[in-house]
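Order of the sequence lines fixes the chain letters, A, B, ..., with proteins taken first and strands second; residue numbering starts at 1 for each chain.
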There are 2 protein chains.
Amino acid sequence: MEEHRHVTIYDIAERLNLATSTISRALKDHHTISDKTIKKVKKTAEEMGFVPNTLAAGLRGNKTKTIGVLIPTITQPFLSSLISGIEVTARKSDYSVIIMQSHDSYEEEVNMTKSLYSSRVSGVICSLAMETKDTSHFQQFSSNNIPLVFVDRVPKGYNTFRVVIDNYTAGYKATKHLIDQGCKRIAHLTAGAEFGNLYNERKRGYVDALADHGIPLKEELIVNLKTMTYDAGVKACDKLLGLKTPPDGLFAPGDILAVSAVQTAKKRGVRVPQDFAVIGFNNDPISEIIEPNISTITHPAEKMGKAAANIIIDTIESHKEEEAKEITFLNTEVLIRESSKKK
Amino acid sequence: MEEHRHVTIYDIAERLNLATSTISRALKDHHTISDKTIKKVKKTAEEMGFVPNTLAAGLRGNKTKTIGVLIPTITQPFLSSLISGIEVTARKSDYSVIIMQSHDSYEEEVNMTKSLYSSRVSGVICSLAMETKDTSHFQQFSSNNIPLVFVDRVPKGYNTFRVVIDNYTAGYKATKHLIDQGCKRIAHLTAGAEFGNLYNERKRGYVDALADHGIPLKEELIVNLKTMTYDAGVKACDKLLGLKTPPDGLFAPGDILAVSAVQTAKKRGVRVPQDFAVIGFNNDPISEIIEPNISTITHPAEKMGKAAANIIIDTIESHKEEEAKEITFLNTEVLIRESSKKK
DNA sequence: TTACTTTACGCAATCGGTTGTAATTAAAAT
DNA sequence: ATTTTAATTACAACCGATTGCGTAAAGTAA
């Protein structure tokens, strides 16, 4: 296999007897270059198979048109949709996307921020690892004017862009829906405070909805999970449905858990939704396919990705130094399907 | 916000009164640098918050430790697992991963190869877009000694690395399983030849399995789909189950299709598996959750990703110019679950 | 024709590591 | 004390595109 050397602007310059500066400017339609020259240069570049070296440009200009995405894992419908939204939006503005998975490890996350900084990404989008409590490893981006957007799992008390849903309201709405369906004993699965404020917020919505409708809060109906997995859900639901007075409804803050609840109920001969109404969260593909279909809360993954990417790109292109680091809230909706329809 | 300038090896050199070359070598434990100096340099680098600029290194060395991944979409269990495998493996060797989605568009794919080449990726892993027939846009990688690995949806007649499963055998085994269960009229969904040889191979396995077991091939039981979607599956199965003599089994080359088949059957009052045994493909998470569970063929996405990434990295690190461009076959297994158990 | 604008393009430094080669110094050998 | 040899470190070119500044050429007005 013959090894070609990359064609550079020097090669084009030599061929046309022009300066490299002229080539560089011509290729990007700089106004000080005549149309004639521009056309000639572009034609020659095409002929010679010239492909710009973004490394050189990036080194010189200290910007790479690259967005670093740092998330727990990509094999989760919500997160892969998020990335999809980021990628599509980035591409429109000719940005590339580098993906890294922290696998919910703090240590990995720290290393990956270094790696991203090292490759001089133009911006960073991150959904925090479960383990992460301290976010000082993100300071390097803020300090160097690299826009940083947290999505979904965001830190508190850190002045950066954030793209989230209103988890409190979503939790409230989900619970209220179950109340509206006549549920009196509504169970809830949640995760410990160490996981950031996401599940806490949903739980807060649940608690307030109960209170607002005069339904007493029963601690026995709230199960704290370590991991939000199918198996953990099965175990929790087995426990809940085994109570002397079992719940007649469940707000699961994730569709996987809702699925596990529905199937556990079925296995125990508990009818869904008649005896046990279930509502999930996320609107994962599976919620629509399982029988009965699972009511859920939409979680606009793709939109959130697009929003995050747009923030990055806008911030860069507008050269705004002192940008207000706003929080972007995206809407969620209650999607009523069979699993919660008591009426 | 104060804008720091990046700390460079020049800054370290100045501080320590050493040459930049010494700093550079010390940081990578070059044997010509004394341990004393190495320690001193590393300590100072740490103190000053030095982070190497990979762009500069990449520009100079013409290698970036970056793998470009070009796939139809990431919001598909198989593909997101594939990426996950790639990312994990890449990271172990300190490689980054750039993701691009062709959305099955030939034009996008062509643009993206340019973009990847432009950013001087060290290697490329690709699963072809549905539309792609001509693969000359990948020539730029081959010509420039950038290792290229096709995964799953691979081109024919192009001498590159390929990581695939044996679709023929998998199709054969799936069909044989249905035959073993006593099915006499086995239907099959497939896709036109323009989609590459993947579905054709599975179909070939289906055809041969029937022939080997003395079961006549009925054209009416083979439905050609344009897209492998849930809705397309429903439509096809409605047609199949509406035949005068409907099939008593189905080999669907994708779990989504299998799910649509199971649900369509249920809706029509056809019992699965008693009246209609179904086997899918991929072992998507959903196949395990739907009721009845769907028998399927495993498709080792994560492993394929790892294999592909390893090929890239090994090729680069071994500096082999004339590497044999082998095809890597990964194993698949028949996963027998409820949807096909007639016996 | 002279002076003044535009228009078009070239020069050369720059971004930050990397690396072949030369130079300097220290340690060892004679 | 002198020559070898080995151990360290320095010099400077290089990767390829970008860009501020300067200059030459062409055009316009006086």
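- Side-chain N/O atoms of A:T37 include one lying less than 4.0 angstrom from OP1 or OP2 on C:dC9.
- Contact annotation for B:K28: backbone-only contact, meaning every heavy-atom pair under 4.0 Å involves sugar-phosphate atoms and none involves a base.
- In this structure, B:N53 places its CG atom 18 Å from P of D:dC15, rounding to the nearest Å.
- Residue-level contact check: B:D35 touches neither bases nor backbone, having no heavy atom under 4.0 Å from any strand.
- At whole-Å resolution of the value, CZ in B:R25 and P in C:dT18 are 10 Å apart.
- For the residue pair B:T32 / B:H30, a side-chain donor-acceptor distance below 3.5 Å is found, with atom types taken as modelled.
- Atom CD1 of B:I9 is separated from atom P of C:dG16 by 10 Å (rounded to the nearest Å).
- Across A:D152, A:V154, A:V149, a single residue satisfies side chain to side chain contact (heavy atoms under 4.5 Å, CB included) together with A:V163, and that is A:V149.
- Between B:Y117 and A:H6, the gap from one ring centroid to the other is short of 6.0 Å.
- Looking at heavy-atom distances under 4.0 Å, A:S34 makes contact with sugar-phosphate atoms alone, never a base.
- Formation of a donor-acceptor pair under 3.5 Å by the A:S143 side chain with backbone atoms of A:Q140 is not found in this model.
- Within 4.0 Å of A:L55, counting heavy atoms only, lies no atom of the nucleic acid at all.
- Here A:I23 lies out of heavy-atom contact (under 4.0 Å) with every strand.
- The CD1 atom of A:I38 sits 13 Å away from the C1' atom of C:dT7 (whole-angstrom rounding).
- Between the P atom of D:dA13 and the CZ atom of B:R60 lies a distance of 12 Å, rounded to the nearest Å.
- The shortest distance between the side-chain N/O atoms of A:T22 and the OP1/OP2 oxygens of C:dG10 is below 4.0 Å.
- A close approach under 4.0 Å does not occur between any side-chain nitrogen or oxygen of B:S21 and OP1 or OP2 of C:dT18.
- For the pair A:I33 CD1 and D:dA17 P, the computed distance is 16 Å after rounding to whole Å.
- A straight line from CZ of A:R120 to P of D:dA17 spans 20 Å, rounded to a whole angstrom.
- For A:L18 and C:dC11, the CG to P distance is 11 Å, given to the nearest whole Å.
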